[in-house]
Asker: 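Encoded as structure tokens, here's the structure I'll be asking about.
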Amino acid sequence: MSLRRLSYWLAGLGLAAVVIAAVLGTGQDVGAILGIFTTRFLGIFIEAAPFLLLGTVVSGLIESFVTADDIARWMPRNPVLATLAGAFMGFAFPVCECGVVPVVRRLFTKGLPLSVGVTFLLAAPVMNPIVLASTFVAFGAGPVLVGRFVITAMVAVGVGLVFAFAGRPQEVLRPAALMPVAGGSTDVIPLYARAPRKPLVAGLRDALRMAGDEYFEMGRYLVTGSLLAAAMQTLVSQDVLLALGRGPVVSVLVQQALAFLLSVCSTVDAFLALAFVGSFTTGSILAFLTFGPMVDIKSMLMFLGVFQRRIVLYLILLPLLMTLLIGVWINLNISFV
Amino acid sequence: MRSTHNHHGLDRQTLLKTLILFGLGLYFIWNIASGNVVNYINTRFVWLSYVAAVLFLLLALSGAWNLLRSRRHEDAGAGDHDHRHGQMSWPVLALVAVPLVLGTLVPSRPLGADAVSGNVSLSVTGATTTDFTIPPLSRNVLDWLRVFSKVSDYDEVAGEPADVIGFVYREPDFGEDRFMVARFTVSCCVADASAIGVPVIWSGTSELQSDDWVRVQGQFVVEEFRGERVPVLKATSVELVEQPAHPYLYP
């Protein structure tokens, strides 16, 4: 514990040193820089907060009122149809990448086919009305909006079908898949186990309380991501960003790494992506907006609680490679004016 | 012994969480009421801030209700299992409070001349519609750049009168008598802000400070500016004005 605390302190000090060096390096007045940084940070936060709040309230409502049985009942029986449906199920049950893992785990115990669960797991964080709205606000009805949804559906169905052909649930899921998932927010897990439906008022009350807790769970990633994006725009020179952001392959890799590390909720990541639009290729922006919601640090930790280690590796590598290929292909073949 | 200690910590945490949510709700309301919100986002999306304010206050009310209820349970000597989850470390709480701290302590200012990274652009990027029906004297900086991007020859706009507002932007290589009257365009929020501007010839340029808001009246001529022949506004009058209520232009 003390070692951990020490490492936090060291990381904090190192970060502070880098920031101070960067601020001095710009050669501008410190007060002016703080003002610009704050405006940029609050810009992202103020635009994103309503979507984060909507996401947490909806996820609270789902946790209160929708049981895994409800979702299982909605599924088509045919496995291929069901896999396709899995990609769009998020429109009926809008869950983000953190909410989706416990839902999927519970669905597997209800006998949901593996391919359907995997597709739902990867697609749901993007394929839902809240993300549609926030991406529209950030980018308008253009190639980024369309690309985000098309690529996500393609990759999710693709990976899902891989699992349809290879592997039975016993080989893929952890025997302990019924235990609370390690590493994530623990409060969302046992709620699905509570079988009886709640009365309306109690359910609403619980939904709001869970939404409040989840706002803090998710808010920290939004704040961290916004701080980083604002710092990058304010402190890193345009030349450096362009050097990273213009390479058709490098730019995609950089955005995938950022998406993985920042772990920003899919409902609001579009606003962070805006900060990179001027300097990064469109293919890399799309990689950020599609890979991040499928795989990031916090969802990876939650995957580990449900799937065998080997399978988690596939769940990371397949989306990584597919979004990388698609992003690079877009950079090389499509020009956006 | 340990459980009472835990409970106490949780209670304090719930209190702090509730206060942060309440504060964020008030901050959003204050932002809208003071008009500061347009320093951060496109005015088209201000309604989303109303949504955020309502939801923050709703969550804060829910937190307050839980606090009161747990207080009552404590009096009755009963533990409250429902409160067990949601406990998080203090740094996380501090992190979530950062927007509130920065928003209230740092004075709200729109992006200005010192926020320009790289250059102030002389052209608009992206496919935009150009409305030629706007009379020349009503066109803002963005309207003019759109017109420039559509005309086949800059000489077509030579002689047109203009009356625009923007902030002063200067670089050493502009020359003694030149500055740019610049604006930031914002589509969604300041994360996508980009600076655009029109070059101005004005004999009194040396008296202007970077970031001053000015109203420039004059006529366009086609001249060399930074090695390019572009429309340049030859000013007949430059007056200092108040920063407009909407500092950004919305493409």
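So that the names make sense, note that chain A is the first sequence line, chain B the second, and so on, each numbered from 1.
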Asker: Of the backbone (N, CA, C, O) and the side chain (C-beta and beyond), which part of B:Asn39 lies under 4.5 Å from a heavy atom of chain A, both, or neither?
Answerer: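 Just its backbone gets close to chain A.
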
Asker: Look at B:Val51, B:Thr18, B:Leu21 and state which one has the largest set of heavy-atom pairs under 4.5 Å with chain A.
Answerer: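 Heavy-atom pairs under 4.5 Å are most numerous for B:Leu21.
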
Asker: For chain A, which of B:Val54, B:Leu55, B:Asn31 has the most heavy-atom pairs under 4.5 Å?
Answerer: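 Result: the option with the highest number of such pairs is B:Leu55.
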
Asker: Sort by residue number and list every residue of residues 43-55 of chain A having at least one heavy atom under 4.5 Å from chain B.
Answerer: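 Interface residues of residues 43-55 of chain A: A:Gly43, A:Ile44, A:Phe45, A:Ile46, A:Glu47, A:Ala49, A:Pro50, A:Phe51, A:Leu53, A:Leu54.
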
Asker: Side chains of B:Tyr248 and B:Pro110, heavy atoms from C-beta outward: is any pair under 4.5 Å?
Answerer: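 Of all side-chain heavy-atom pairs linking B:Pro110 with B:Tyr248, at least one is under 4.5 Å.
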
Asker: Measure across A:Leu42 and B:Gly103 and return the closest heavy-atom pair with its distance rounded to 0.1 Å.
Answerer: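 Nearest heavy atoms, A:Leu42 then B:Gly103: CD1-CA, 3.7 Å.
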
Asker: What option among A:Val223, A:Val57, A:Thr39 has the most heavy-atom pairs under 4.5 Å with chain B?
Answerer: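 Highest number of pairs under 4.5 Å: A:Thr39.
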
Asker: Could you report the tightest heavy-atom contact between A:Arg148 and A:Ser266, atom names first, then the distance?
Answerer: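 That would be NH2-O, 3.7 Å.
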
Asker: Can you tell me which residue among A:Leu272, A:Leu145, A:Val144 is in a side chain to side chain contact (heavy atoms under 4.5 Å, CB included) with A:Leu289?
Answerer: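 Among A:Leu272, A:Leu145, A:Val144, the one meeting side chain to side chain contact (heavy atoms under 4.5 Å, CB included) with A:Leu289 is A:Val144.
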
Asker: Taking all non-hydrogen atoms of both residues, which atom of A:Ala211 and which atom of B:Leu59 are closest, and how far apart?
Answerer: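 Heavy atoms only, the tightest pair is CB-CD2, 3.8 Å.
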
Asker: Dump the intermediate steps for side chain to side chain contact (heavy atoms under 4.5 Å, CB included) on B:Leu24 and A:Tyr215, then the final yes or no.
Answerer: CA-CA 12 Å; B:Leu24 283 166; A:Tyr215 178 80; 4.0 Å; yes

Asker: Should the ring pair A:Phe276 and A:Phe288 be called parallel, tilted or perpendicular, given that the plane angle runs from 0 to 90° and is split at 30 and 60?
Answerer: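 Tilted: the ring planes of A:Phe276 and A:Phe288 meet at 30° to 60°.
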
Asker: Would you mind checking which part of A:Phe216 comes under 4.5 Å of any heavy atom in chain B, side chain (CB onward), backbone (N, CA, C, O), both or neither?
Answerer: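 It is both, since atoms from each part get that close.
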
Asker: Return the option, out of B:Ser187, B:Pro99, B:Ala52, with the maximum number of heavy-atom pairs under 4.5 Å with chain A.
Answerer: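 Counting heavy-atom pairs under 4.5 Å, the top option is B:Pro99.
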
Asker: Angle class for the B:Phe167/B:Trp213 ring planes (parallel below 30°, perpendicular above 60°, tilted otherwise)?
Answerer: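 Ring orientation of B:Phe167 relative to B:Trp213: perpendicular.
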
Asker: B:Leu26 and B:Leu57: which non-hydrogen atoms are nearest, and at how many Å?
Answerer: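 Closest heavy-atom pair between B:Leu26 and B:Leu57: N-CD2, 4.4 Å.
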
Asker: Which residues from residues 129-142 of chain A are near chain B, with near meaning under 4.5 Å between non-hydrogen atoms?
Answerer: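 Within residues 129-142 of chain A, near chain B: A:Val137, A:Ala138.
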
Asker: What part of B:Ile20 is in contact with chain A, defined as an atom under 4.5 angstrom from a non-hydrogen atom: side chain, backbone, both or neither?
Answerer: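 Looking at B:Ile20, just its side chain touches chain A.
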
Asker: Side chain, backbone, both or neither: which part of B:Phe56 has a heavy atom under 4.5 Å from chain A?
Answerer: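 Contact with chain A involves both backbone and side-chain atoms of B:Phe56.
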
Asker: Taking atom OH of B:Tyr250 as the centre, does the number of heavy atoms from other residues, nucleotides or ligands within less than 6.0 Å exceed 12?
Answerer: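 Yes, the 6.0 Å shell around OH holds more than 12 heavy atoms from other groups.
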
Asker: Is the A:Phe41 ring parallel, tilted or perpendicular to the A:Phe37 ring (thresholds 30°, 60°)?
Answerer: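 Parallel.
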
Asker: State yes or no: are the ring centers of B:Phe225 and B:Phe174 separated by less than 6.0 Å?
Answerer: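 So the answer is yes for these two rings.
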
Asker: What heavy-atom pair brings A:Gly147 and A:Leu286 nearest, and what distance separates the two atoms?
Answerer: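 Closest approach of A:Gly147 to A:Leu286, heavy atoms only: C-CD2, 3.7 Å.
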
